[in-house]
Amino acid sequence: MRRQTRLTATAVTLVVGGASLVPAAASAADAATGPSWAETAYRGGVHVVEGPDEDQSTVDGTVFVDKDRDSVQDANEPGLAGVTVSNGRDVTTTDAHGRYELPAFDNMTVFVTQPRGYQVPVDEDNVAQFFYHHLPSGSPELRYGGIAPTGELPDEVNFPLAKSTLTQSPEQHCVVGADVQTYDLEEVEFARNGVFADLAGRTDYAGCGALFIGDVVGDDLSLYAQTRELTRMLNGPARFLPGNHDLDFDSPEPEHNFDTFRAKLGPAYYSYDVGKAHVVALNTVEYPTVVPPSKSSYTNGIDEQQLEWLRNDIAQVPMDRPIVLAAHMPLLEFFYSSSHRVKQVKEVYEILEGRTVVSVGGHTHVSENLREGDLMAGWTDVVGEEGLPFPHLTVGAVSGHWYSGQVLEEGYPTTLQRDGTPPGVLTLDIKNAQIRERYTVRGDDGSDQMAVGLNTPRYRAWYAENVSVPRGTAPALEDPLTVTRDDLAGTTWLTANVWMGSTGSTVAVSLDGGEPVEAVRTQQMQGESPRVGAEWSDPVAIQEQFVHGGGLADRTMHLWRLELPADLAAGEHTAEVTTTDVHGRTFTESLTFEVVE
């Protein structure tokens, strides 16, 4: 069934506030071969052998091949050698019999790094099970419960694995979703009808699964139960990272800030292998920064224990393996380029030096595709004049601009983000050591990659009149695709907001079937500051946001403009806009507009 959600200023289907809603390409499920995920998923859990252990200073156990998939090691089920296991600080590998031993301490999480060719079990909600929390007395009294008392260390903590051709394949498709961030049950339904319905129709990510990188809910941690209902829709394992809206704000001590998240969803940081890639999931939220704290007193940071773990984890990874580094708060990003960064970013770069890396983050509710060598004002103290050492991707939010805007007939709102990008998910297509990114707009099959519009003097005047009024209350801009001949000369641009546009992308425009002309990117990523305001905005997004609510798409690092010729004749004109991304893939949209005397 076709799901109509696309917002552009191209061929008109439903005109809303001067922008247009047009049908997305058919969102057909990927062709499935063989049994479905629901029929073959390895369901189970970590095997905790009752104790207590005589030696409470260490935690030990076995990583084994669970042939009968009952989560318990039987006599004919061998231990697996060379598998990485950690207590969140120290890292070890299993011996020839699959045995491991690690130092133990209070409030630790012991977890296994899933090796290539094997899969950790998932529970009935598809949430990956690869960890054991040790908190003898449990969490302090917390509104949302935290971790129940675990008592003394058990005799053993054993990690079952099932052989998997899915994770063995050198070709992987890894879904990354940022900021599901549901604040109530209505927003849970928006997420269900949107991104999660899309993922339920895909079968290409069963090996790598879906990683949700923070702000899983919006402060109300009781909604983790509904989040698990959503992940039950997936065709692959679900993993999570915490964000600043996943905190136990009533925790009296920082070490218990994410206890409820950990109890309901998993560790705050960990790693796993799929194909030839090593995925590192980091917690980049430090809280609180002031006392008494407020919900906003967090910062972008990695504590010393996690940094020690990261050093130890990466040391186990061969140099030729590509690394995906995921976190809620990006290491560096464009939108707040001079202020928002992970404080320990230089240490992270040093740990990863010489490796093939792609970094992904969320948090800012925008989409960014920053490439190696990109540079913005405020970065030189971290990256020098050479720019970024590897690609940094900021993932557009599942919630978009916090589920704002007009609710469509499909059961979710337009909720365009602060750079004009619609909600969606990122997929990392990995083949051997090569990683290619693609963004899929919610309700679309991946063909919708840009919004094309006109930035005219009349639009900019309308912008100035309405930029200060509450979002969702502005009058619509009349005839947004009409321009007078007097306004053509040097003051009207055709714009293309390319969701995953980056350094190395191009945009070419053919007017009325003529020779293509290259459009100019508004941000060159050569050390400048973000360009902000009507002149640098996405007019398609702004017309939706001012009239129906949403963000303020007044800046972006992926906007291209072409100055329209001053001698265009009066009448109707058609522009064919083609973008070619850094990987050589092309996407085309058309725009019909009118020139009047």
Side-chain angles (χ1 to χ4, degrees), residues 28-44 63-67 69 78 80-84 93 112-122 126-130 159-177 198-213 231 234-239 270-281 313 316-326 355-358 360 391 393 425-440 445-446 583-585:
D30 303 276
T33 57
S36 69
W37 166 262
E39 295 172 312
T40 61
Y42 171 39
R43 304 206 183 273
V63 179
F64 66 96
V65 182
D66 189 15
K67 293 180 179 179
R69 297 187 167 208
L80 194 62
V83 179
T84 299
T93 55
V112 64
T113 294
Q114 172 185 279
R116 179 186 183 187
Y118 295 87
Q119 193 125 42
V120 298
V122 298
N126 293 318
V127 177
Q129 301 297 299
F130 59 96
F159 295 104
L161 299 171
K163 285 190 174 181
S164 171
T165 57
L166 292 172
T167 69
Q168 177 67 31
S169 172
E171 184 172 341
Q172 296 291 326
H173 307 282
C174 303
V175 170
V176 183
D198 291 346
L199 292 176
R202 287 176 54 178
T203 61
D204 63 332
Y205 59 95
C208 192
L211 175 61
F212 297 96
I213 56 173
T231 60
L234 300 180
N235 294 311
R239 296 177 176 88
Y270 50 91
S271 63
Y272 55 100
D273 290 343
V274 287
K276 294 188 176 181
H278 183 67
V279 182
V280 177
D313 177 82
Q316 304 293 329
V317 181
M319 288 295 294
D320 62 346
R321 301 294 172 86
I323 293 173
V324 176
L325 188 75
R355 295 179 178 270
T356 299
V357 182
V358 171
V360 294
L393 311 177
V425 294
L426 185 79
T427 303
L428 298 176
D429 296 316
I430 305 174
K431 189 169 185 179
N432 295 315
Q434 182 185 57
I435 302 176
R436 301 198 305 178
E437 70 289 339
R438 57 183 162 102
Y439 187 71
T440 306
D445 65 353
H583 305 294
R585 297 169 297 194

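All figures in this text were calculated on a predicted structure; none of them were measured in a lab.
- Considering every non-hydrogen atom in both R239 and P237, the closest pair reads NH1-CG, 4.0 Å.
- Taking the side chain as every heavy atom from C-beta outward, V324 and I430 approach each other to under 4.5 Å.
- Interatomic distance, N432 CG to T356 OG1, rounded to the nearest 0.5 Å: 12.0 Å.
- Q129 places no side-chain N or O within 3.5 Å of a backbone atom of V122 that could act as its donor or acceptor partner.
- Side chain of N126 to backbone of T231: a donor-acceptor contact under 3.5 angstrom is found.
- No side-chain heavy atom of P322 sits under 4.5 Å from any side-chain heavy atom of Q434.
- Side-chain atoms of H278 and T84, non-hydrogen and from C-beta on, never get closer than 4.5 Å to each other.
- No side-chain donor-acceptor contact under 3.5 Å links T167 to the backbone of G207.
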Practice prompt. Decide yes or no on side chain to side chain contact (heavy atoms under 4.5 Å, CB included) for K276 and Q172, but give the supporting numbers first.
Written response: CA-CA 9 Å; K276 294 188 176 181; Q172 296 291 326; over 6 Å; no
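- In this structure, L234 and Y205 have side chains that are in contact, with non-hydrogen atoms separated by less than 4.5 Å.
- Checked against H173 for a side-chain hydrogen bond (donor to acceptor under 3.5 Å, both in side chains), the options T427, T203, D204, D429 give a single hit: D429.
- Between the side chain of R585 and the backbone N or O of R438 there is no donor-acceptor pair closer than 3.5 Å.
- With values rounded to the nearest 0.5 angstrom, E437 atom CD is found 5.5 Å from L393 atom CG.
- Side-chain atoms of T113 do not come within 3.5 Å of backbone N or O of Y272 as any donor-acceptor pair.
- Within the 4.5 Å cutoff, side-chain heavy atoms of V65 are placed close to those of K163.
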Fill in: Intermediate values then yes/no, side chain to side chain contact (heavy atoms under 4.5 Å, CB included), D273 and V279
CA-CA 6 Å; D273 290 343; V279 182; over 6 Å; no
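- For F130 and Y270, the gap between ring centers is short of 6.0 Å.
- When all heavy atoms are compared, the tightest approach of R43 to P121 is C-CB, 4.2 Å.
- Note that CZ of R69 and OG1 of T40 are 7.0 Å apart. Values are rounded to the nearest 0.5 Å.
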